[in-house]
Each structure stands twice: as structure tokens, then as C-alpha cells.
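In what follows, chains are A, B, ... by sequence order, proteins preceding strands, each numbered from 1. Both backbone and side-chain heavy atoms feed into the values below; hydrogens, waters and symmetry mates do not.
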Amino acid sequence: MDSLTDKISNNLISLSYFTPELILIAGLLLLIIVDLLKKKNLLFPLSLVVLGLATWQLLISWPQEALLLFEGFIKLDQASTAWRLILVIGAFISILISARGTLRSIGEFYTLTFGIVLGGHLLVLSSHLLIVYLAIELMSISAYALTLFTFDKRGSEAAVKYLVFGAVSSAIMLYGISWIYTLTGSLFFLEPEFTGALLSAPIVPLSIGLSLVLVGILFKSGAVPFHVWSPDVYTAAPTPVVALFSVVPKLAAVAFLAKWFLVIHLFGLGSIDWVTILSILAILSMLFGNFSALRQQNAKRMMAYSSIAHTGFLMVPIVSLSEQATRGLLFYAFVFLIMNLATFLVIHFFEQKQRIRNIKEYAGIVKKYPLLSILLVVLMVSLVGLPPTAGFTAKLLIFTSLWESYAVSGKPWVLALFIFGLLNTVVALFFYLKIPFYMIFRSMESQPVDNETNSFPYENYFAGLLVLALLVLFFKPDWLLGFINKINFVF
Amino acid sequence: MIPVEHFYYISALLFSIGLAVVLTRKNAILILIGIELMLNAANLNFLASNKSGDVEGQFFALFVIVVAAAEAAVGLAIILKVYKHFKTIDLDKIAEIKD
Amino acid sequence: MLQAYSLSILIFLPLLAAFLLVFMPKPLKGYYKFIALGVSIIQLIIGVNLYLDYESLNAPYSIDAFQFVERVPWINLDLQSLGKLSAEYFLGIDGLSVGLVLLSIVVLLIGVLASWNIQEKVKAYFSLYLVLNASIIGCFVALDFLLFYLFFEFMLLPMYFLIGLWGGPRREYASIKFFLYTLLGSIFILIVMIGLYTSVIDPGATATELGLIADGQPLTPFIIDQVQERLQNGEIMPNQLVRTFNMVFMTDAGNVIPDSFLSTLNPQLVLGHSARFIGFLLLFVGFAIKVPVVPFHTWLPDAHVEAPTPISVVLAGILLKIGGYGLFRTAYLMFPDGAVHYAWWVGLLGVISIIYGAFNALASEDLKRLIAFSSVSHMGFVLLGLAALSVEGVSGAIYQMVSHGFISAALFLIAGVIYDRTHDRLIENYSGLASQMPKYTVIVVIFFFASLGLPGFSGFIAEILVLLGSFGSATVEGIPLLPRGMAVTAVFGLVLSAAYYLWTIQRMFFGKYHVKRVSSDSIIDINKREFTLFLPLIVFALMLGIFPSVLLDLINDSVVSFVNTILKF
Amino acid sequence: MITVVFILTIPLAGFITNILVSERQAKLGAYCSVLFLLLSTLGAAGILFSIEAQMMISQMDWFSVGNQSFQVGLLVDLQGAMMLAVVSLISFLVHLYSIVYMAEDRGYRRYFAVLSLFTFAMNGIILSNNLLMIFLFWELVGLSSYLLIGHWYTKTLASKAAKKAFIVNRIGDAGFIVALCIVWFQFGSFNLIDIQAQMEASQIQDGYWSSELNILPKIWLSVLGIGLFLAAVGKSAQFPLQVWLPDAMEGPTPVSALIHAATMVAAGVFLMSRVFVLLDGLTLFIIATIGATTAFMGGVAALTQFDIKKVLAYSTISQLGYMLMGIGVGSYEAALFHLFTHAFFKAALFLAAGSVIHSLHEMAHKNHLELDAQDMRIMGGLKSKFPVTFYAYLIGSFALMGLPLFSGFLSKDALLVASVNWSYQMGEMAYLVPLLAFLTVLLTSFYMVRQLLFVFFGKPRLENTDVHEGGWHFKLPLIILSILSLGMIWSLNPFDYSTSWFLTALPDKFNLTPGFDTIIADVTNHTVIGLSSVILVSVGAGLAWLKFRPGKKLIFSEASKFTFLEKVSFHNWYLDVLYEKTVLRFIRVSTSSLEVLEHRIIDRVVNLLGWVGVIFSFLLRWFDRAIVDGLINFSAFFSGQVGGMTKSFQYGKVQSFVIFALISLLLIIFLIL
Amino acid sequence: MTEIVFYFFAVLTVVSAFYILFTKNILHAALALIITLLGVAALYVFTAAEFVAVTQIMIYIGGIVVLIVFGVMLTNDMSGKSISAASINRLSGALIALAVLLTLIYGSQGFTSGGYGKYTITSMENLGKELLTTYLLPFEVAAVLLLVALVAASIVAGNDLKSRAS
């Protein structure tokens, strides 16, 4: 055992690698203070500055090698840094979305958003299950409260449902962790000892324990069958919050799932066929998400199911289990982030501007907002995964790695995942096209709520930029992939 | 001395009872109570598996208690909000969102 | 100088124009169509130039067999342990595509002229039309699978809106049906595309990677052989492989990584079939939906019936050919073993399409629906000719695509003329139109006879070649690919096509003049503009019927090498 | 050779001229056509006199596919030259005739254009040196026939007849195409000379037919022959496809004369003579049988018709049957011979009938009478009013009946002799063929005499007989054609066909065809045959005279009051009804059922697939509501709380979903274990 | 002796837990929770985790349960009606819980550790040192978590939007 001073100095050293998170924490505190000082107007720019700083910190403190920090509770490597970048960018854009509407002047919104981002960071960094649990709880508690930010009846209903489901899930996960602790005696899951203990652990309790742990992760990533909270939450929560939910906690959970999956896969030596299990869950997520989305009337609710389906797609590279697949996952995550957030941006805009909630109310909107409508069409095309958008490239990459994985392993469920995944695109098309369909094919039934003459809001530029990114990433995926390729994935 | 399995059995029982409470009781506060039971079950496991000379399980249990407190606070706040809007906290009566 | 970039200009000119259109102010509304027309005319000039400069090359199927080649690196991904992945901006035409490119240019021009009277949402219409134009041409000239797929998918969206916004009463249903069907097909294609590009390498780039040649140095056949030999012997490290989307490389079995999934050596079975056969089937179904082949055809009648006239023209004239072309370029060339193995089934589907389409046309009471089903029937010949894998059959199949492109375009224009006047397409509501619209009747008779395969028109040459080819289909191990009875059965389709066309003429145009629903005075004969639409089509149908060498000389060598490539396997 | 090309294309010039001229210059266009055809006729005559059995061949590449090339080329031999002359001459005469006949017609230019197009196409069939080109022109004559039958398109009957003609012909063409496929596969060439040479070189043994190129089972040789014959059956209106020809009489009468009597319908026979070498025994037997049957059926059908043109139409069917029987019995030269003689006398008959019809029609028009100008029942006693027409008709009829001194006697005699010779070789059952042929002779004379009596003898049955014969446009063609129907023109000895200059000049093809193992010997006494046919003619004529002699009061019963046999005859053996009830009904049923398949099944299945998605999504909801909550309902029911059922159906979702999630979790665990 | 005490507390815990499950009165359930938590705390002592047991009593019983009781008070009409709570999903819930229980018991058979737990008491001082050295990060995270939860609870329970957005 190290001496006390060693440990303290170690922790101090660790802190120096922890600047992005420290910035976030400092920002969190700062925002609380600013809020208390009633400087509401400062909140929005300040939060963006903090997130910008964190991004900048992440970029300049690019780790050259993997580091175990804080007595091994977290492991800082390039992959997790990339993930953290994605999370920060996601939060950044989500806050930008909130620029329109009342949310921007509520200080707690920023606090809780930062809480979620911090939780996400910890989750992707974690190398100990305690941190995992705490991170998930941090995200969850912030999320429960954020759901309520419409301060209306529906918001509270969604929040309580989210709470019940989330608390049960985390309790189950906790119980699973306790079993794994019983089995291994250690919770540093990236240590070789842990892997060794898992290998020698008896199969029955191990599989039960790992399954229980999986519940919590799947709950956060919104995968079937632990997805049921998301439609209600997406419907009732404020749109910027939904945008945040759809990327940050989800992607953090997916990133952790990718890491965790490698651990429990045990280099293929374990006796549990997690690939098949996860493949089935991915198929179910796609099927359930897409097919349920078919009959949705509410735009946000539809997007909830869409994001469930996308979780299924995000699980594709995870089961592919290759370095290349992980790169594909990052690419997909980034593209998903952009297209999802951009979509919510547009949805939020229309919700604020025209009080549009249901898909049918989009009828004829193209006349008033042609550019935004066209952008939304492109976004939908990207969400379906058709060229010429990055949505296609991302799908191509992940299914390529899945194909390679199938070619090697020959597992039938992997093939099923491959085929179902691609065929799901057709179903997806059906509902994604619904909004463009109403926008363009149907004429407006009633007068628009808002008769403001300015039909060229700033969202045009913002969404335009994001859509442009999607197009550029189709035509030149090398630009992002070149960056991702430089990341050293240590297995 | 107590066989360690007995801890596990009690813990399993506690967990299941908590689960049953969550599943069957309508009242939101009771559900919170059920969740507390489940957390306690996990804690019992952590402590029972904590090997001599190790503190990992103990600390885990401690942090769980902290988290439980935070969760209970936020949960009760939410429940109060629900009560304000719905005048009830029976979960089956809270159904505004339709699909 | 510009000649080297002819194909790029063909693609990007309409895109540029579409972009320009979007930013044109409203007061210039009247000029939108002139931009589209201008684009088409420039394309026509380039097309003529292409035709004049194209030389039939007697080369085996390889990059050297293509002309007007443009090859620029596009996407280069480093997959590290899996090697590299390259997609190129690779354009070129050979005998399989040259006719279709020219066809597209002409039909698209006619489509613009047919759109002259579009009144509502003109800007959107013409910009979508131009985008459609670009993606159609792109499909025919792209030689990189990813690029091809891009254009193939990109076509759907403008088409969806063009049908859905300017179409008939059930347009929404029709457009979504069209979109979903084609998308479903393209998913199958995507599956195989993924399988293919992970299995195929670019020998040139791999040679560079291996250090066999320096960057930019020309690639000699010797080096290709060397690379392929090393590849087949498993002497190349996985991370040195440059995987490619290049459709020409995909054709060469030497480029297939030996232990890859789609290698001929792969013993692995998928659902009890060899992976390559599955690959062939998926590609086949993917493109068969587009062709369309019975039983994947049900989108076609709806889409055709509901689409506005110019779009029906483009749809029937060109879009269906993309399906056929895809079969040639991908399914057949990349999976020759599958092509031979499933020849019987493909031929059977062809014959079924011929007969089934004809019967349904006979039963149709809607003029456009009748023409749509006649398309199904005629495209069946493409499939039959292709399945035969004989030089006559394949030539006939290509010829049929081009010929049907012109004729079906005219047929839909014909349906459009009458629909313009009465907004009624039911055959039974008309009779004796010949008295009122003599010029129109002459044109109808000309094209109906052209379509039923009257000698002197292009359809005859195509169909007779297909029938000759399918009767004398290629033999593998002494057994013909298609039973001789298949050609004999297909002939029956010709009888039926005469029946439905002549019956229609008799019902609609002959007899006492009478029109239901609208006042008789509103029916006037075709005007000058409409006549100019038909004139070039008549000229082409006749020219291809009387001087087949105009096209056949262009495609001959490619067809021979196509057949040889497949049968060599 | 230039002459040949000139002859081929000059009618096309007529076609183009007539398309280009304006409405007011319509007459000019017509005269141009006539002039062109006169030139063509002169050219054809020149060729005919200079050819002397030697062939003229010229060809060039048309297009090539792979390494094989398709050619266009011309071939002129004696039979071609003869046919060319016949076609050109008759076409010329019909054009001339039509100038007046069609004078009042609105579609004057269209008429002449298509008539010229037809002549071009017909010349094409005759002059082509390969089967593909023959087929090409074959279809083109079909088109012009279609357009001419439907010339008066506002008449429903005409338009239907046109459609029927083309579609029925198309069935025959299908056979042609199959034959083309086989020829191309087996010989790699369509050239008639090549085919002949290769056919000689090919062998049939062990059930296989092997040529230099490929091997096929022997049956394909028969298929080839039958396919070609099917083409002829369609074009030459043979059983069972003869139904279109009577209907085709809806077209203008000159057209009937040219196309549906003299030339186009004979193209089938001409084709058979061109491909004679490809016909094997089975095919020939079928041809002979069908030919004889058709001859008989046509004869029977002609017995009871009242329409002047219908009688001639059925007679044409009957005579064409003769010709094909001639092919079938191996005497292609006799068939050709009959083709030529028939062309002239039948053209004469039609034009004469047209002359009558035209006059009656004009009269009816002038007097605003409602009458059918083709109905023989309103005619009678027209001998004096139409002297030239009458004599032309008389000569034509005698030639058709086969009276000595007229051309028909010679050719029919040749056919009868050949058929008897053939059946002698083929065995007893084969005697049915000559039997039918002889019976037809009797029928022919009966219906022709009946017609003559109806039209020209007796008392005029029309009250207002203000009719008169047409001018020289009508008379000149009639006179020329009548002269050509005389026996002297064809043979110096009008009682013996074998001295005919035409037959002696034709090459013998017996040894070329696989259909005959040995040459059929001439075993009959020509005199006996000749005599017996004359006797039969007399008997037939006598019967007709007895029944319809002038002065006898004729009672025209309505068709519905006919006896059964008369009905069979009048309705052409009820073939139309039969086809209506079988083939057409079959097609109708199958199209409608296929449409049902298309609409109700395939489309629905596909839509269903789409709906499955939607249904699936609803299932999911149902699953949410019913299964997840239903579990609860079930338990509620179980615990006797039925009242809580509806309540829990709608509410209690969160916990139900937790249960659902837990069940899934347990499932996962069990899946692993 | 220890065994008897152990099983006493074990039975106490389980019985009071069952009481929570079955009671109709929420207030009673909250009180039963106290007993359960006390029982669990006693069981903690048997694993030599005295500090945790104390924390359990202080935070749980002293904090959480009080919170819960307040919750019960605030969310019920105090005008005299009994504070009761109905149940739903009885059978299915019970079945699932039972299935989970059986699974867990079946699973815990597989633990190889077996035998008797050997527990030694860690001194409070050590725990404190560990908490601020080794467990510094979780400690800080927990602090942030509590802060966030505070903020969350305040905004959630606080006034509605209008007064906040000012």
C-alpha cells in the first residue's frame, strides 16, 4: 500500500489531467452563482463559453498514452477523449437549441445539463464500477429533473415515470454489480485480474450478474426492452432537453457499453455468447423503434422511437467487435449527434414558432419556411441512411464491419442483424418521410400561428451548417475518419 | 458464525420484496420505499462479499447510501410535483400522455 | 480539351443549373423552363459528340475497354487492420452504357419539352427535374459502385416529389409505393455492395501499397498479374490490401481476396446456398424491382398512372433501363457463376413478365395502365435476352432497352395528350377519336405498331434478336441455358401485344366519334409543340428499326466481351 | 439489278407522294401512283421475259451482331419474276380502278398511300432473298391490309374486321418467328440459297437433325415447317384461321380484289414454295390435309351466302386451300400455277363485283335508298346493264369453276392430278385429300352458277333500276384480267397443263426436300381426272341451275330460318362462335382472372407486406396494452377482480412496463443459461 | 448466540419488509421501513461494517425515512381519511418477483466462496484516510451528485415556471 502522501500527490497529478471535467465543475458552480445573482442573460453565453473551453481543453490535452488516474478509478485514453468531445459538442449544440424559448433563462437547466455531461464524461472514462454507478446516477438524477422543465402536468407525469423506471433499473444494476463484486472481489473492470476472475467465475451467477448490470446500461442507452420510458419523456420534456437526452446520456451509455462489452466478451473465451444476445437486442431495438414510430402522430414521440432504433444501429458496431467497428461507432455516433440535434433544432423551432407538435400540423409549412423544410428533408434522408448524406456513410461503415465480423464468426444472428438492420431502412423511410410529406404535399389547413414576416430565422444558418456537415461527411468522410483513425484503441 | 450464503439469501429476499413493492403498489412513495429496499439488498451483498482487509464493498455501500439519499430527495420532489398537478400519487391515475 | 470531361459535364451541368434555378428570383419565372431546356440542349450536343467520338473497342472487359474515362480518387479510408478502402470518382462508358446515355439525353430533352405547360411550382419542378437528370446520367456513366449507388438512390427523392406533387389523384400513394419499392431493392444492392467491396481489391493501388510501382507510375498488365498472383496465394498482408468500389475490378475474379466471403473458394453456405449465388440473387432482385420483373412490378402501374406525363416519360423511358443496366453491369458481370446457375429462372421470369404483362395490359381499362403493363411485358424481353447469354440475346436486350426507351416515352406522351384534354384515361369513355384527331391517330397508330414489334421499327429488331438469342442460348457443358420452349412461349407475348394495342385502337379511335364526360368540342388535334415532341421519337424508332447498325456497331464489341467474360467463368 | 430495285421501291415513291400531296392535289397523287405502278409493271414484264430460269442475286450487310451479320438482299428467279409481274399488273389495274371507285372518299390520299405501301411490301416479299426480310415485308403487308380493311374506320364492323385480320395474322406470324429462331440456330443464316444448301448438307438420323452448325431433336424440323405453315395459314386464311378473310370484305372492293383475293393471301403459298426444302413429311401431310379441308370448308361456306363479296371471299379461302394442298402433296409448281391463274380470275371477279356494287351504291346514294349494295338478293338481271362486267364475270367464273379453255382448268387439273398421285403413294386414308378436292370442284361450280344467276340473270329485283356501268377505269382492268383468265394465255394446249410454259420453266425441287424419300410418280390418267372434274363442274352447275334457274320464283328465306346444314354453311361452320366460346372466352377469363390476381392478390400481398409493418406497429401497441397490461388483466381476472380489468387496461403503465422489462431480463438470463 | 441474534434481525428485516409489501397504510409502511432498515443495519454489523451500519441509521433512518414521511404527509389529504394505498398487478407482480427471487437464489447457489465470511473491522481512521485518498474521485463525484440533486430537488419542488423565469 502506498503511503498517504504518495496517494495525495498521485491524486494531484491526476487532477492535472482532469482539466476538462474541472472546467465543467467550475462552470457548474459559476452558473449556480450567476443564477443566484439573477444575471439571467449571462447564463446562456457563459455556459457556451464553458463548454467551449472544455472542448478546447480536450483538444489540447490529447493524451498520448492511456493513463490510469485517481488510483485507477478512471482510465484516460484517446478513445474516451474522443467520446468526451462528442458529449461536450452534443451539450453545446443542445444549449444552442435552447436559445429560442424560455429555457435559456433558467439557471438550473444549465446546472443539470452540466451534471449530465459530467456524468457522461465519468461514464466513458470509468474503469471502476463504482464510478459507473455514480455516473449513471448523476446523469439520471439530472435527467429526472430536466424532464420536468416544462413545469406542466405532462412533464411531471413523464418525470415520475422516468424516475420509477430509472430507479428500478439502477437498483437492478446495482444488485448486479454486487454480485460481480462477490464473484471477482474487485470492481476495477479494466484490470487483468478482473478479467481473470470473470473467466474462472461460475457461469450461472456470472451470467445473472452481468445481465443485471446490462439492464442499467441498456436503460440509459434506450435499447429494447428497457426503452419504454423514452417515448413519454421525449413527448413531454422541453425540446432542447430532449435533444440533450437523445445524444449525451445515450451516447455515453453506448460508449460505455462498447467498453463493457469488450470486458464481458472476454476475448471470446467466455462461455456466454454475448454477441448473439446483443445482436438480438439490437434487432429488437430496430424493429421496435421503427415499427412503433410508424404510427406516431407527435413529432417528438416519433423521434423517440427513431432514437430507440438508432440505439439498435449503434449496437451494430459493438457486436462487430473489431477495432474498425469501434471507429465506425465513433463515426456513427458523431453523425447521429449532428443529424439528431439538427432535427430537434428544426422541430424546436417549429414548436416555438408555430406551436407545432403533431406531424399533421406541419402541413404546408414549406411555403413559409422553404429552406428549413428542405433542410429537414435532407435530415430525414440522413436519418433514414440514404446517400448523399453522412447517415449513409455511417451505416455503410458499421455494416461493413458487421459483415466482416460475420464473415469471420458466421454467427446466424449476426447475419440476421445485418439483414434486418438494412431492411429496417425501408421501414424507417416510411415514417421519416411523414414530416416532409405533410410539409410539402399537404397544404396548410389553418393560418399559421405566428405571422411574423421574418421567414429567415437564424435557425436557417445553424441547421444549414449542420446539414452541410452531413453532406460534407458523405462526400469526404476521410476528413472525420482520418481524425478517428489516429485514435489509438487499446484493447 | 453465519454462513455467507445466508446473507445472499436474505439479500435476494429483500431485493425481491422490494421489487414486488415496486411492481404492485400504486402509490409512488411506496415505490420509492421499494427501491430503497432493493438498494439495501445490494448493500447487504456488498458488505457480505467484502473480504477481510478490503474496503471496496464498504465504500460502495456508503456511496450507495449517499446516492439513495439524493435520489430520494429528487424523487420525492418529483412526486410532490405530480401530486400538485394530479392531486394523487397513484401511478395508475397518472396518465396524461397518450400515444 | 473539354472533351475529356464530357461525362462530368453531363452530370454537373444539370446540377449547376438546378442550383442556379433555386436562386433565381420569382420575376424570372417564365425563364425557368428555358434553363432546363438549355441544359438538355447542351447535353444533346455533348451526346452527339460522344456518339461521334465513341469507338467500338475490341478489348476484353477491363478498364481499357472504357472510353471518356475520368478517374479521380474520392474517398480513401484507412481501415488499418483491414487495409485501405478506396472509392473513386470513376466515370466511363462502354458499349453497354453508351446507348443508354444517349437515350437518356434525348428522352430527358423530350421530357423538358413535355413539361412546357407546367404551371404550378415551376421552380421546384424544374430544379427537381434537373437533379433527376443529373442522377440518371450519373447512374449510367458511374463505374464506381459507391458512386453508382449514390446516383441510384439520389434518383428516388426527386422522383418521389415529382410524382407526389405533380401527379394524378392517387399520387401520394403511388409516390410512396415507388419510393419504398425501389428503396427495398436498393437495400439488397447495398448488402451485396458491402460484401463486394470488402472482398475485392484494387490491384493498382495495392501494387503501390506493396511498393511494386511508384506513385503515379503507369500500371502494366504484368504488375496486375503479379499482384493478383500474390493475392491468390495469400501473400499479401491484410493491411496492405486496398479494397475498392471499382466496378471493373469487381468483375475480375483475380481481384477477389481468396478467403473473403464472396470468393469462389469460400465453402461457407448461407441458408444452404453459396454466398456468391445469394449475392447474385440479391442484386438480381434489387434491380428486378426497378426493371420491373413480375412479381416485383406492382409499383409500376401505380407510379406510371399517377405520375405527370413528362415524368411517366422519363420513368418508362429511362428509369426502367437503369434496372436492366444494373443487371448487366453488376449482377451479371460480377457474379457470372450465379448468372449461369440461375439463367433458367431469370429466363422464366422474363417469359412470365412478357406474358403476364401482356395479359394484364389486355385487361386494363385505363390507357396509361395499359401502357405501363406493356412496359412490363417489353422489359421481359430484356430479361429473356440477358438470361440467354448469347451474343444475339444480349445485343437484343440492350437494343430493347434503347428501343423501348424511345417507344414507351412516346406512348406515355400519347396518353398525356388525351389526358391533357379530358383528364380522363378510361379507354371505354372514348370512341372514334380518329375523326376528330386525325394527326394524333396517325401518331398513335405509328407508335402502337412500333411497340407491338412491327418490322421497320426499333422494337422489331430488338425482339427478334432476343428471340433468336434465347432460342440459341449459350450452352454450358453441352446443355443450353434456356430450354428452347422458352423462346417459343415468349413469341406468344407478341400475339397478345398485337391484341391489346389493336383492340385499344379499335375502341378508342375507330367507330363513331363519341366522348364521355367532356364536351366534344374541347377535344382538339395535337398542336405543333406536341407534334415536335413526337417527331424525334418517330425518327429514332424508325432509324433504329431500319438501320440497326447505328446502335449495334457501337455495342457489338462490348457485348461480345460481356458474353465472353461471363461464359469464360 | 437496278430494275429490280426500281420495281421494289417505286411503289414506295407512290406511298410518299400520296402522303406529301395536299388534299386538293389528291387526284394528282393517285395518278402518280398509277403511273409508278405502270412503270413497275413494265419493268416486271421486262424481267419476266429476260429471266429464263436464271437467278439474280444481290445482297449487302444490313447489320451485324457479334461476328454474325444480317443481310439484306434481293433474289429474282422465275417464280419471283412471275409473281412480281402478277402483283404489279393487278396492283396497277386496281389502282387504276380505284381512282374512280374511291373518288368520293374522304380518305382518298390515305387509301392510295397505303395501297402503294402494300404493293411495295408485297414486292418486298417476292424479291427478298432471306427469310428475315420476307418476315419484315410479311408484317408490312399485314399492316397495309389492316389499314385498308379499316379504311372506313367509322364503321364498327370494318374496324373490328381490321383488328381481327391483324391479330389472326399475328398468330401465324408467331409461327414464322419460331421458324426464324430455328433457322438461325441451325443454319446461322436466313439466306434462302444458304438455307437450301445447308439443308441439303444436313442430316437426319437417330431422331436428331444435325446441320453444320448445331444439332436439334428431329421434332424441331417439323416445328420449323409447321411454324412456317402457320404463317401461311394466317396469311392465306386456312383452317383454322380463315375467319378473318370473310370479315375483311368490309374493306373497299378493289382492296379485296388486290389484297384479299389475288396477292397477299397468296403470299402464304408463295412462302411455302420459297421454303419448300424445309418441309418434312409430317409437315407436308399436315399441309395437304389442312389445305384440302379448307378448300372443302370454304366451298361449303360459299354455298349459302347472300353477300356478293362474301361468296367470293369463301371461294378465295377454298381456292387457297387448293394451293396449299398442292404444296402439301409436293407439287409446289402446281400450287404456284394455281396461284397465278387464280390471281387473275379472282381479281377479275372482285373488280366486276365492285363495278356492280359501286353502281348500285351510287344509285342508292342518288335516290336516298337504304340498301345494302352488296346483297345479291336485290340484284338480278343486271346482264344487260353491265355488259362488260357480265362477260368478265362470266369468264372469271368459268375459270374459277375449272371449265376447259379457261386458265382455272389447267391449274386445278394440275393440282388434282398431283393430289391423286400423292395419295396413291401415301396410302388409303390419304385418298380423303383428293376426295375433298374433287367435292370442292362440285361445290365451286354450284355457288358460282348460283351467284351468276342471282346477279346477272332473271328479272331485276330492284324497282328503280337506274344503274349503269362505270367508265373505262372500270372496264379496262376487267377486260385485261378476263383475257388473262383464258387458258390459251397459259398453255398452248388448253386441255393439258403439262405443256404450260410456266410449269416447264420451273425447277424441280422434289429431291431437295426431306419430306419425300422418293419422287412421287405420275400414276394417273390425266384425261380421266380432267374429265371427271368437268363432269363434277357440270353436275354442280346443273344443280344450281335447277335450283335458281331464271324464271323460277326465288324465295329468300331469312338466315334464321335456314335448315341446320344451311346454317352451318352460312355461318362458316360456326367457327367464329366456336372461337368466341373457346379461345376468346379463355383469354377473357384468363385476363380477368390475372387482373384479379394482379389487383387482389399480388398488389395486395405487396400492400399487405406494407401493412404488415403497420399492423406490426399496432400489434406492438396491442402488446403494450393487451399483453403487458393483459398480464395484469389476467391476474386481475384470476384474483377475481374483474371490475379492475377495464381500469388496468388503460392505466398502470409504468409498472406494467417494468414487469415487461423484467420478463425480458429473465428471458435473457434463461437464454444465456 | 450470534446466530440467534443474526437470525432474529434477519427475520425482523424480512417480516417488516413483507409488512411494507402488504400493508394498506402508507404511514405504517414508512414505519415498517424504519424497522427493516434497522434490521439491515444490524446485519451490516455482522459483516464487520460498523461504520456503514451507523451511516445507514443516520442517513437512512434519520434522513431518507423522514423525507419519506414528509412526503406521505404532503401527498395525502390529512382531513381524516385513512392513508391507504391500493395495489395493482398483484398476481403478475408477485409472480415476477417470485421468479426473480428463485433466479437469484438459484444463482447464488453458484457462488464458490461458501463457508463463513471472515470479516475484520476497518478502523474509522483508515476509512477516512481511504476516503480522501483512494476514494477521492468517488467522493468528489458524490459531492457533485449531491449538489446537482440539491439543485434538481429545489427546482422541481420549487415554484412553477412563471415566477422562476421572471
Checklist entry - Roughly how far apart are A:Leu174 CG and B:Phe60 CZ, rounded to 0.5 Å? => result 5.5 Å
Item to check | Point-to-point distance, once rounded to the nearest 0.5 Å, from CD1 of B:Ile31 to CG of A:Leu163 | outcome: 9.0 Å
Checklist outcome for this item: Separation between OG (B:Ser11) and CH2 (A:Trp179), nearest 0.5 Å, reads 8.0 Å
Checklist entry - Checking B:Val22 against chain A: side chain, backbone, both or neither under 4.5 Å from a heavy atom? => result side chain
Checklist entry - Which region of B:Ala12, side chain (C-beta onward) or backbone (N, CA, C, O), has a non-hydrogen atom less than 4.5 Å from a non-hydrogen atom of chain A, or is it both or neither? => result both
Which atom pairs, donor and acceptor, lie under 3.5 Å between side-chain atoms of residues 66-74 of chain B and protein residues at least two apart or in another chain?
none

Next on the checklist: Let's test your reading of the structure: which of B:Leu32, B:Leu19, B:Asn50, B:Asn43 forms the most heavy-atom pairs below 4.5 Å with chain A?
Outcome noted: B:Asn50
Checklist entry - Between B:Phe86 and A:Ser156, which heavy-atom pair has the shortest distance, and what is it? => result CE1-OG, 3.6 Å
Checklist entry - Nearest 0.5 Å, what's the CD-NZ distance between B:Glu96 and A:Lys153? => result 4.5 Å
Checklist entry - Of all of A:Glu157, A:His128, A:Gln297, which one pairs up most often with chain B through heavy atoms under 4.5 Å apart? => result A:Glu157
Item to check | Per-residue contacts, residues 129-144 of chain A versus chain B, heavy atoms under 4.5 Å | outcome: A:Leu129, A:Leu130, A:Tyr133, A:Leu134, A:Glu137, A:Ile141, A:Tyr144
Item to check | Approximate separation, where rounding is to 0.5 Å, of B:Glu56 CD and A:Thr184 OG1 | outcome: 8.0 Å
Next on the checklist: I need the residue from A:Ala236, A:Pro231, A:Ala145, A:Ser186 with the largest number of non-hydrogen atom pairs under 4.5 Å to chain B.
Outcome noted: A:Ser186
Checklist entry - B:Asp54 versus chain A, heavy atoms under 4.5 Å apart: side chain, backbone, both or neither? => result side chain
Checklist outcome for this item: Taken to the nearest 0.5 Å, the spacing of A:Ser178 OG from B:Leu47 CG works out to 10.0 Å
Checklist entry - Taking all non-hydrogen atoms of both residues, which atom of A:Ile172 and which atom of B:Met38 are closest, and how far apart? => result CG1-CE, 4.0 Å
Checklist entry - Can the ring centres of B:Phe46 and A:Tyr181 be said to be less than 6.0 Å apart? => result yes
Item to check | Choice from A:Thr147, A:Val160, A:Asn298 maximising heavy atom contacts with chain B below 4.5 Å | outcome: A:Val160
